> 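What follows is a single structure, and I will ask about it in a moment.
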Amino acid sequence: MLAKLSKWMIMSGVLSLSLTGCGTTPSTTSFAGAKGALSTGNSASPLGMNTNEVMESDASMPFLDLMRAAMPFAEASPWLTKGNVTYDVNGWPANLNGGQAGTRFLSNLPAAVIPGGTYTVLYDGEGDIQYMNDVTLTEHKPGVDLINLDAGSDGILNASLLITRSNPQNYVRNIRILPPGGICASNPFQRVASAAACGGSYQSFVENANSIIFNPDFMNFMKDFRSIRFMNFSGVTRSTERAWSDRHTPSKAVWGGKEGSRGAPLEIQVELANRLNADPWFTIPHAADDNYVREFATYVKQHLNSNLKPHIEYSNETWNTIFSQGGYMIDMGMRLGLDTNAARAGYRYYSQRSVEIFNIWESVYGGSQRLVRILSGWTVNDKLTEVVLTHKDAYKHADAFAIGPYVFGGHAEIRDVRSVDQAFDLMNNPVYRHSLEKELGYVRMQKAITDKYGLQLVAYEAGQGLADFKTKTDDEMPNPMLFAANRDPRMRDVYARLLSGWKAEGGTLFMHYTAPRMFTKHGPWGTKEYITQPTSQAPKYQALLDFIRSTPCWWDGCKR
């Protein structure tokens, strides 16, 4: 086994990709996987899905290689990385200088999120790797380690590694952590334990990692949704990217990390959209310059399947000043003298820059026929909508306006929830500002405006919003009750009424927030709590599947 892996390791890379320098369009060699869409069952789906941030604690587990979402070595200081470690351009520790370099690649995840057992670690270079937490080294040979991954009695997975010795002339790099088993070539949406399940079409994860790329469990979850919003996945919130050279690239040591450094590359976003036959919803970083936008659009035009339409949105919630992009809009709007009121100046700058971005995409695509140009706003704020749509006639350059209809009752009221019944009363009792009935009223209000300007109404995010943003721990009240409400069968009915009401009020594409993720003090947002959670335990997921199966998309031109 190890001899075979050593030979394969020399012949294959992390991804079959090549990159070009700043100011030129990146190109990719063909992925070794199947060309064209692997999924076609979502062609009439009315729903899309938001992705999660790329982090070692992401329970959606999008990547086959566990190193893809790991913490950058430099960010693991001083807990794992110690000493004067220096790094290469991609973030691999090039010289330990007597120290050590570490990373965490699984953090506080339920044991069932991935299979336990023997994982294969492949790496280039000369050195020693030490494994910690729920990982035990079982076999070692230069360039190949076999490790056992076992969550233990607490049922929670944590996994870290340390590079304790590394030859600076041939340093340890290109670490890949690959699971046991594989897929049958005819079904990339299901893991199998061995070739016995495939009848001759078996592709092991270890020998085909550079072509499989994505976790089959993640692919299986995502295959029913017609669009993928890459906002979290791309790391756009509080992004520091300005120039095209700042972008995330496939060659980076890891794609995980803190805000501003994490994010999956555009190449990976496009590949995922192609394989899932899903329209990609891209959010452009708020400070991206014109060349960045042009290079981005050029790559998408060259590599996205021609039947798919890029959905283009400038940043995320630019009206929301808890994000750095909110302040950026105000600063730019005031600097340009777009309004004497700071908030309105920000709205106007967002509108103006959005149209500039749309124009660049249109110049690359030779028109807007293959694009969906999206302006976004705040669900409850009709005045914001009017400003964004009318500033320099921006509505004439857009196709849709997006809002985020969340059902949760009210932020202040959530703090007092002490039972599951109270949580459902917040959502169902029309007296509350963000009850289901009131939220559908805001949808109706926004639809009247978009009708006036000839745009579709879409949801960039939507779903339940039972989150108390002031709590400090997961078990602080009201979090246990909010989590329990999201597990309660009654949530399926709330979602059914939200989705049917959205359609009845004239909404079109509905992007749920979000892909499977653990319920935490930051909110119980996940469609499921982890990627392999049984559907029977996930009422929100049940409701989304019910709606997809019973309600084909209803707006003009939606069926592919």
Side-chain angles (χ1 to χ4, degrees), residues 19-26 50-58 68-77 81 85-93 103-104 229-270 280-300 312-336 346 349-350 352-354 356-357 360-361 376 460 522:
L19 299 173
T20 59
C22 177
T24 60
T25 302
N50 275 267
T51 51
N52 294 334
E53 301 87 351
V54 180
M55 298 176 66
E56 78 279 8
S57 58
D58 175 22
R68 294 296 88 220
M71 176 184 293
F73 289 93
E75 290 183 17
S77 174
T81 297
V85 178
T86 57
Y87 302 91
D88 70 11
V89 67
N90 291 315
W92 294 108
T103 181
R104 187 171 60 215
R229 188 168 182 252
F230 286 114
M231 184 271 294
N232 283 331
F233 198 70
S234 66
V236 77
T237 297
R238 301 186 179 94
S239 172
T240 58
E241 295 183 13
R242 293 178 179 269
W244 187 235
S245 58
D246 298 331
R247 75 196 184 282
H248 305 296
T249 60
S251 60
K252 284 185 66 176
V254 299
W255 301 331
K258 62 186 179 182
E259 285 185 335
S261 65
R262 65 184 173 224
L266 175 60
E267 292 88 341
I268 296 300
Q269 297 172 49
V270 171
W281 183 316
F282 299 117
T283 46
I284 306 298
H286 63 271
D289 63 23
D290 286 356
N291 183 65
Y292 183 110
V293 177
R294 187 172 297 105
E295 297 286 5
F296 194 118
T298 300
Y299 182 88
V300 174
I312 313 305
E313 180 188 18
Y314 175 38
S315 192
N316 171 63
E317 292 192 357
T318 59
W319 47 267
N320 192 344
T321 53
I322 69 169
F323 300 126
S324 58
Q325 54 262 35
Y328 181 87
M329 299 299 136
I330 291 173
D331 290 345
M332 294 299 293
M334 293 298 287
R335 185 182 305 174
L336 294 174
Y349 179 75
Y350 163 74
Q352 185 168 304
R353 182 60 180 155
S354 293
E356 292 170 357
I357 288 170
I360 293 171
W361 277 79
S376 297
Y460 68 90
H522 303 295

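Numbers here simply count residues along the sequence, with the first being 1. Predicted, not measured: the structure shown is a model, and the values here were computed from it.
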> Over all heavy atoms of both residues, which pair between F233 and V54 is shortest? Give the atoms and the distance, please.
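That would be O-CG2, 3.6 Å.
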
> D289 side chain to N291 main-chain N or O, any donor-acceptor pair under 3.5 Å?
yes

> Looking only at atom types and distance, does a side-chain atom of D58 sit under 3.5 Å from a main-chain N or O of M55, one as donor and one as acceptor?
no

> Using the test salt bridge (charged side-chain N to carboxylate O under 4.0 Å, His left out), find all partners of R242 that sit at least two apart in sequence or belong to another chain.
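For R242, no residue satisfies salt bridge (charged side-chain N to carboxylate O under 4.0 Å, His left out) once neighbours in sequence are set aside.
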
> Any side-chain to backbone donor/acceptor pair from R262 onto G257? Under 3.5 Å, distance only.
yes

> Mind checking what makes side-chain contact (heavy atoms from CB on, under 4.5 Å) contact with T237, not counting sequence neighbours?
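For T237, the residues satisfying side-chain contact (heavy atoms from CB on, under 4.5 Å) (neighbours in sequence not counted) are M231, E259, N316, F323, Q325.
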
> Within the distance-only criterion (no hydrogens, no angle test), does the side chain of E241 pair as donor or acceptor with the backbone N or O of A288 below 3.5 angstrom?
no

> Sequence neighbours left out, what passes side-chain contact (heavy atoms from CB on, under 4.5 Å) with V254? Give chain and number order.
M67, A70, P72

> When you check the side-chain N and O atoms of S234 and Q269, is any donor under 3.5 Å from an acceptor?
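Judged by distance alone, the side chains do not pair up.
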
> What I want to find out is whether D290 reaches R353 closely enough, with some N-O distance under 4.0 Å, to be called a salt bridge.
yes

> Taking all non-hydrogen atoms of both residues, which atom of P250 and which atom of E267 are closest, and how far apart?
CD-OE1, 3.6 Å

> Is T283 close to Y460 at the side-chain level, that is, under 4.5 Å between some pair of heavy atoms?
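No, side chains not in contact.
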
> Ignoring hydrogens and angles, tell me if any N or O in the side chain of T81 forms a donor-acceptor pair with the backbone of F73 under 3.5 Å.
yes

> Could you tell me how the ring of F282 sits relative to the ring of W361: parallel (under 30°), tilted (30 to 60°) or perpendicular (over 60°)?
parallel

> Ignoring hydrogens, what is the shortest heavy-atom contact between V293 and I357? Give both atom names and the distance.
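Looking at all heavy atoms of both residues, the closest pair is CG1-CG2, 3.9 Å.
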
> Identify whether the distance between the nearest side-chain nitrogen and carboxylate oxygen of E313 and R229 falls below 4.0 Å.
yes

> For the pair Y349 and Y328, name the ring-plane relationship: parallel under 30°, tilted 30 to 60°, perpendicular over 60°.
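Plane angle over 60°, so perpendicular.
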
